[in-house]
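Below: the structure, in structure tokens.
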Amino acid sequence: MNTAIAIQPSIRFVIPYFGSWPFWMAFYLESCRRNPTIEWLFFTDCGIPDNPPDNVRFIEMSYRAYCELVSARLGIDFYPERPYKLCDIKPALGYIHADQLGEVDFWAFGDIDVIYGDLRGYFTAERLATKDLFATHHRRISGHLCLVRNTVIMREAFMRIPQWRERYADPAHQALDEGAFSRLFIRHKNWPESLRLFAARFNAWSRRSEFIESHSTFTILANGQRVLPQKWFLRDGRLTNSELSGVELPYLHFLAWKNQSWKELTADSLRGPDGLAFSANWDVSQIGWRDAEL
């Protein structure tokens, strides 16, 4: 066995989040706790949650102070009124917070409307040895979870976005994380697949990246149909859903439920029975979290 590959590369998520923690935060943090060899670093004004996992660190600061930090690091005026603009700068977080990364092998950006399964089971040492960027969608960067190798060239890759300074300084959200940043790695995405893959061989950025659908938001069936699973299941730290017959998946991104059916329900009802977030087994669906049907 190649010893260099067998050693697990270090991974640190960098997530700025301002406002207030969502009602599902306990479920999110417990999914971090179940991945003890991966680290999360938050910049936030939401306060430190009760009993946070040892692998999750919080740096408390105001939103204004964070905008000042970003402005100083990028050499721009970054003072958007709404924190949602922070999505645009996700590809720059490795550069902005290089002082917090040190010798970490991979830094990552993502969202918190997710639940992690066994991330190491998906991002194995063998897999991480092959590329410099790992996206979990087939043809675009996944803003809710993306791993980037902690090298100068990858920390500065965002600077190849056309007019990045002007677009970052613009207070309007432009979806640069999943749009313009994707186009560095994925070109001609609407071409026939065989032709697109042939062209990608001549793009050095494409060759150093992996774009594989992980079915986190929607499940893509073998016939190409995109469906929303009826349920997801946690069993002893492993995530599966109702559409893929027990196939283990790295994480759940519950965007569709959050923006649709969950809007009609109360936070208390969606969280399910008291203490369920700390259970090793549960089910979640359009009506929220419930005890596992074992």
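Source: prediction; values computed, not measured. Positions are given from 1 along the sequence.
Checked against a 6.0 Å centroid threshold, the rings of F254 and W262 count as neighbours. Aromatic rings of F42 and F13 (six-membered ring for Trp) have centroids beyond the 6.0 Å cut-off, not under it.
Between the side chains of N55 and R33, not a single donor N or O lies within less than 3.5 Å of an accepting N or O. When only modelled atom types and interatomic distance are considered, N241 and T219 share a side-chain donor-acceptor pair under 3.5 Å. Using modelled atom types and a 3.5 Å distance limit, the side chains of D105 and S10 yield a donor-acceptor pair.
Here OG1 of T240 is found 11.5 Å from NZ of K231. Values are rounded to the nearest 0.5 Å. Atom CG in D88 sits 8.5 Å away from atom CG in D170 (nearest 0.5 Å). In this structure, CG in L128 is found 7.0 Å from CZ in F123, a value given to the nearest 0.5 Å. In this structure, the separation between CG on L270 and CD on Q286 is 11.0 Å, given to the nearest 0.5 Å. Between atom CG of residue L184 and atom CZ of residue R208 there is a gap of 11.0 Å, rounded to the nearest 0.5 Å. Between atom OH of residue Y122 and atom CG of residue L239 there is a gap of 13.5 Å, rounded to the nearest 0.5 Å.
Judged by distance alone, with hydrogens and angles left aside, the side-chain atoms of S242 form a donor-acceptor pair with the main-chain N or O of Q230 at under 3.5 Å. Distance alone, capped at 3.5 Å, is enough to place a donor-acceptor pair between the R120 side chain and the T37 backbone. Using a distance-only test at 3.5 Å, with no hydrogens or angles considered, a donor-acceptor pair links the side chain of R149 to the main chain of K131. For D177 (side chain) and I141 (main-chain N/O), no donor-acceptor pair under 3.5 Å exists by modelled atom type. N281 contributes a side-chain N or O that, together with a main-chain N or O of D236, makes up a donor-acceptor pair within less than 3.5 Å.
Linking ILVMFWY residues whenever their side-chain heavy atoms come closer than 4.5 Å, directly or via other members, places W24 and L145 in the same cluster. Taking hydrophobic clusters as Ile, Leu, Val, Met, Phe, Trp and Tyr residues chained together by side-chain heavy-atom distances below 4.5 Å, V284 shares a cluster with L244. Under the 4.5 Å side-chain heavy-atom criterion for grouping Ile, Leu, Val, Met, Phe, Trp and Tyr, V148 is connected to M159 within one hydrophobic cluster. Under the 4.5 Å side-chain heavy-atom criterion for ILVMFWY residues, no single connected hydrophobic cluster contains both W164 and V152.
Using a cutoff of 4.0 Å between basic side-chain nitrogens and carboxylate oxygens, E30 and R34 are not scored as salt-bridged. For the pair R290 and D283, the salt-bridge criterion is not met [side-chain N within less than 4.0 Å of a carboxylate O]. Taking the charged nitrogens against the carboxylate oxygens, K90 and D111 do have a contact shorter than 4.0 Å, which makes a salt bridge.
A heavy-atom distance below 4.5 Å is not found between the side chains of N35 and Y251. Side-chain contact check for N51 versus L29: every heavy-atom pair is 4.5 Å or farther apart. Contact of the I161 side chain with the Q174 side chain is not registered, since no non-hydrogen atoms from C-beta on lie closer than 4.5 Å. Put simply, the side chain of L176 reaches to within 4.5 Å of the side chain of R167, judged on heavy atoms. Side chains of P250 and S216 form no contact here, defined as non-hydrogen atoms less than 4.5 Å apart. The shortest distance between side-chain heavy atoms of W282 and I115 falls below 4.5 Å. Side-chain contact between P52 and W40: absent, with no pair of heavy atoms (C-beta onward) separated by less than 4.5 Å. Contact check for I112 versus P22: side-chain heavy atoms found under the 4.5 Å cut-off.
The 12-atom threshold is exceeded at CZ of F23, counting heavy atoms of other residues, nucleotides or ligands nearer than 6.0 Å. Within 6.0 Å of atom CG in N259, more than 12 heavy atoms from other residues, nucleotides or ligands are found, so the atom counts as buried in its surroundings. In the displayed structure, E264 atom CD is contacted under 6.0 Å by at most 12 heavy atoms of other residues, nucleotides or ligands. At most 12 non-hydrogen atoms from other residues, nucleotides or ligands lie less than 6.0 angstrom from CG of D274.
Ring pair F181/F185 is perpendicular by interplanar angle, where above 60° counts as perpendicular and below 30° as parallel. Ring geometry, F58 versus W21: the interplanar angle exceeds 60°, so the pair is classed perpendicular (tilted spans 30 to 60°).
Across Q225, R226, H137, E243, a single residue satisfies side chain to side chain contact (heavy atoms under 4.5 Å, CB included) together with I220, and that is R226.
For R271 and F27, the positive end is not near the middle of the six-membered ring at less than 6.0 Å and at most 45° from its axis.
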> Given L86 and Y63, is the side chain to side chain contact (heavy atoms under 4.5 Å, CB included) satisfied, shown in steps?
Replying inline: CA-CA 11 Å; L86 294 173; Y63 177 57; 4.3 Å; yes
> Does the pair F78 and I89 meet the rule for a side chain to side chain contact (heavy atoms under 4.5 Å, CB included), with working shown?
Replying inline: CA-CA 10 Å; F78 184 82; I89 67 167; 3.7 Å; yes
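When all heavy atoms of F218 and E213 are compared, the pair lying nearest together is O-OE2, 4.2 Å. Contact between Y116 and C32 at its shortest, heavy atoms only, is CE1-SG, 3.8 Å. Residues Y66 and F18 approach most closely at CB-CZ, 3.4 Å, considering heavy atoms. When all heavy atoms of Y28 and V114 are compared, the closest pair comes out as CD1-O, 3.3 Å. Minimum heavy-atom separation, S142 to E178: C-OE2, 3.9 Å. Residue W107 comes nearest to L93 through the heavy atom pair CZ3-CB, 3.9 Å, listed as atom of the first residue, atom of the second, then distance.
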